[in-house]
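See below for the structure under consideration.
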There are 2 protein chains.
Amino acid sequence: MAQTVRRPAPRYGNRPTMKDVAARAGVGLKTVSRVVNSEPGVTVETERRVREAIDALGFRRNDSARVLRKGRTASVGLILEDLADPFYGPLSRAVEEVARAHGALLINGSSAEDPERERELALALCARRVDGLVVIPAGEDHRYLEPEIAAGVATVFVDRPAGGIEADAVLSDNAGGAREGVAHLLAHGHRRIGFVGDLPHIHTAAERLRGYREAMAEAGAPVDERWVSMGPTGAERVAAEAARLLSGPEPVTALFAGNNRVTVTALRVLADREEPVALVGFDDIELGDLLRPGVTVVAQDAALIGRTAADLLFGRLEGEPARPRQVKLPTRLIVRGSGELPPAGR
Amino acid sequence: MAQTVRRPAPRYGNRPTMKDVAARAGVGLKTVSRVVNSEPGVTVETERRVREAIDALGFRRNDSARVLRKGRTASVGLILEDLADPFYGPLSRAVEEVARAHGALLINGSSAEDPERERELALALCARRVDGLVVIPAGEDHRYLEPEIAAGVATVFVDRPAGGIEADAVLSDNAGGAREGVAHLLAHGHRRIGFVGDLPHIHTAAERLRGYREAMAEAGAPVDERWVSMGPTGAERVAAEAARLLSGPEPVTALFAGNNRVTVTALRVLADREEPVALVGFDDIELGDLLRPGVTVVAQDAALIGRTAADLLFGRLEGEPARPRQVKLPTRLIVRGSGELPPAGR
DNA sequence: CCCCGGTTTGACAACGTTGTCCACACTCTA
DNA sequence: TAGAGTGTGGACAACGTTGTCAAACCGGGG
């Protein structure tokens, strides 16, 4: 059994402090601070002595104390929805890049798509006094951030707008992208096109559905409401719905998948079928080019989105004035084969 | 131009402090602290008044100050190699789960496979006084962490052992997994099997190569050194090497891919070829089951690895004694088709 | 030798929180 | 009614750092 002596005093497992360094180097406390922060006004000889003491003791500045004193932390938080989603890799990397360029540390956390967790995480980061926050919302209501924003925490929402408050947001052109994707199917002769999307109250899902309707309307193709399926994007429901759309006397000849998870499930369903069914998905998927046929998708530029959000954030931090801004970024249709299949016989 | 008045005082953009709350509620400072921390010894009426003041002012405790005072931060850092790698999603989630169970916040950062960045990030997290660190090493030398570990920062390495220091580590059975994968190919009649892996000084790469050699030796199959290719796993080199192995008078009839990136590139190369070539990859890949044939892989259990590492970490934090420990976790062969192709004709 | 400019250095107070300790206001009992 | 006991509240110091400011030092010119 370990002798778990409850540490009586703080002192971080006895880490050396500037005071210790100062004592060892035989200089004043402030001189150590100056050396650590590369402030001017220290002779080379003094600096050498101080550095020697620092190395000998393994001293590392306590940033908590520094933050407490200075008021700024030079760090920003990024709250992702789901670390496993390949969409967020490049996004996070782009944000980190910009943060680095501004000398800030990026801390990221994942809400695991749980609104409560998003809230906890955001508030925990605020309690640590991050200077800013990039949030990919999991929840619908962000009023809990109001005091934080009022207190000066720069906040930018990504992928979906904030709920209940006015705040900066960087979004993809969801409606436009979906319209383009559906128009692509229409251009290849399809008239009966199914739409499988996420829950209708989710902003991106609603927007994409809107794009679908617009494209159909523009082409003068009537929409049978039974072709539209909105709901949770778990594999079971999506597979069942896709199967439903593809059966019956008048099955759809093409599918538009409302996000990458739907696309993957749809692919699995289609793989088991004889007749080819056209498919266009929103969001790129990994290995989309390796499948036969390749998967045609409407892709978002995750890196651009991340960079834009981060630029907006640091703009605010540098005192940019003005009211909250919504930036909408274009999507790109990537043609790989599955979207160009002609309607099945009959 | 924004009126960038340089903030004269800290005070975090004028956030309310406990003092402000106390003044507004007409109570003492410590009473507010007690309410905020749910400490006993406050009447319901007083608590109500305090909570009211907290809500009215939008007060949020300053954790920097708290940390400074208490000495522990209840947070651990996770340094990933590459956020975009699907392997790390479940791993990070597992670590977070365990951290949550221990009431700790998980902060994760990405080294982007850059040793210098790994170092910066690790030290930045230490400067913020995280209680512990889970590191997926990008670099080879971790002596820079020695003072931190000595000062009590619990540290666990994942996927590869630490370089230059003794520390806890959680690894997959790389040699065993590779041996199993190669044996699988041998069992399906292959004798000439190519191995395309990462740089030889990378621990996992070396171990997997060792497994390959062991399996070949066990089966009495001689290894032609021209079948082994170790180096950077960028697409160009891997594609070129795969092509080389598959050409010439005596081409290999099967490939073993040393990691998921190699697998993906190999798949692209094989997709352009007429004759089927068997393939087994180390690491699972997304959609591996959707391709035709499905991709047979040696999979690591990322969630288990993450959980194990986190358990080890919190064990240390709770005062577990003893010397650094290395845990080796088993891999699992997932049979999907590509590894069961028979050797091409001749 | 003294005083002057500039440079280098250190003492000290703050930042916002929590732990320690003591004071007060009750209640209950003798 | 006094005294002990209990339950509540607040004053104060400390955590490790940085900003302010003044002291000490140096060389050179009077």
Side-chain angles (χ1 to χ4, degrees), chain A residues 6-50 53-54 57-74 126-129 151, chain B residues 6-50 53-54 57-74 126-129 151:
Chain A
R6 201 129 174 61
R7 283 242 161 57
R11 290 213 81 199
Y12 306 93
N14 279 337
R15 289 187 93 103
T17 71
M18 284 192 178
K19 206 163 124 191
D20 302 324
V21 174
R24 177 166 181 130
V27 303
L29 183 51
K30 180 68 218 217
T31 301
V32 177
S33 170
R34 274 193 270 260
V35 170
V36 169
N37 296 295
S38 316
E39 286 170 25
V42 181
T43 49
V44 280
E45 167 54 14
T46 310
E47 166 160 3
R48 195 192 52 71
R49 283 222 314 285
V50 172
I54 288 178
L57 295 173
F59 166 80
R60 200 90 63 194
R61 178 178 64 197
N62 184 331
D63 269 358
S64 289
R66 168 172 232 254
V67 162
L68 178 59
R69 187 66 237 259
K70 301 205 73 155
R72 296 261 129 180
T73 58
C126 288
R128 310 243 153 157
R129 299 295 188 262
Chain B
R6 201 130 174 62
R7 282 240 164 56
R11 291 213 81 200
Y12 306 94
N14 278 338
R15 287 186 95 102
T17 71
M18 285 194 177
K19 207 163 125 191
D20 302 324
V21 175
R24 176 164 183 133
V27 302
L29 183 51
K30 182 69 221 226
T31 301
V32 177
S33 171
R34 274 194 269 262
V35 170
V36 169
N37 296 295
S38 316
E39 285 170 28
V42 181
T43 48
V44 281
E45 167 54 14
T46 308
E47 166 159 5
R48 195 192 53 70
R49 284 221 315 284
V50 171
I54 287 177
L57 296 172
F59 167 79
R60 199 91 62 196
R61 179 179 63 199
N62 185 330
D63 269 359
S64 290
R66 170 171 229 252
V67 162
L68 178 60
R69 187 64 238 261
K70 301 205 71 153
R72 296 260 129 178
T73 58
C126 288
R128 309 241 154 158
R129 297 297 187 262

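Computed from a predicted model, the values in this text were never measured in an experiment. Letters go in sequence order (proteins before strands), and every chain restarts at 1.
Residue Lys70(A) places its side chain closer to dT18(D) than to any other of dT9(C), dT18(D), dT17(D). The side chain of Thr17(B) lies closest to dT17(C), out of dT17(C), dG10(C), dG19(C). For Met18(B), the listed nucleotide lying nearest its side chain is dT18(C); candidates were dT18(D), dT18(C), dG9(D).
Proximity of Thr17(A) to Asp20(A): side-chain heavy atoms (C-beta onward) are separated by under 4.5 Å at one or more points. Within the 4.5 Å cutoff, the side chain of Arg49(A) has no heavy atoms near those of the Arg24(A) side chain.
When rounded to the nearest whole Å, the span between CG of Asp63(A) and C1' of dC15(D) equals 15 Å. If you measure from atom CG of Leu68(B) to atom P of dG16(D), you get 7 Å, rounded to the nearest angstrom.
Listed in residue order, the members of residues 33-47 of chain B having a heavy atom less than 4.0 Å from DNA chain C are Ser33(B), Asn37(B), Glu39(B).
Under the salt bridge (Lys or Arg N to Asp or Glu O under 4.0 Å) criterion, Arg66(A) pairs with no residue, sequence neighbours left out. Applying the salt bridge (Lys or Arg N to Asp or Glu O under 4.0 Å) rule to Glu39(A) yields no partners; only residues at least two apart in sequence or on another chain are considered.
If you take CZ on Arg69(B) and OG on Ser33(B), they are separated by 10.0 Å, rounding to the nearest 0.5 Å.
Between the base of dT18(D) and the side chain of Arg69(A) there is a donor-acceptor pair shorter than 3.5 Å. Judged by distance alone, with hydrogens and angles left aside, Lys30(A) brings a side-chain donor or acceptor within reach of the base of dG19(D), the pair sitting under 3.5 Å.
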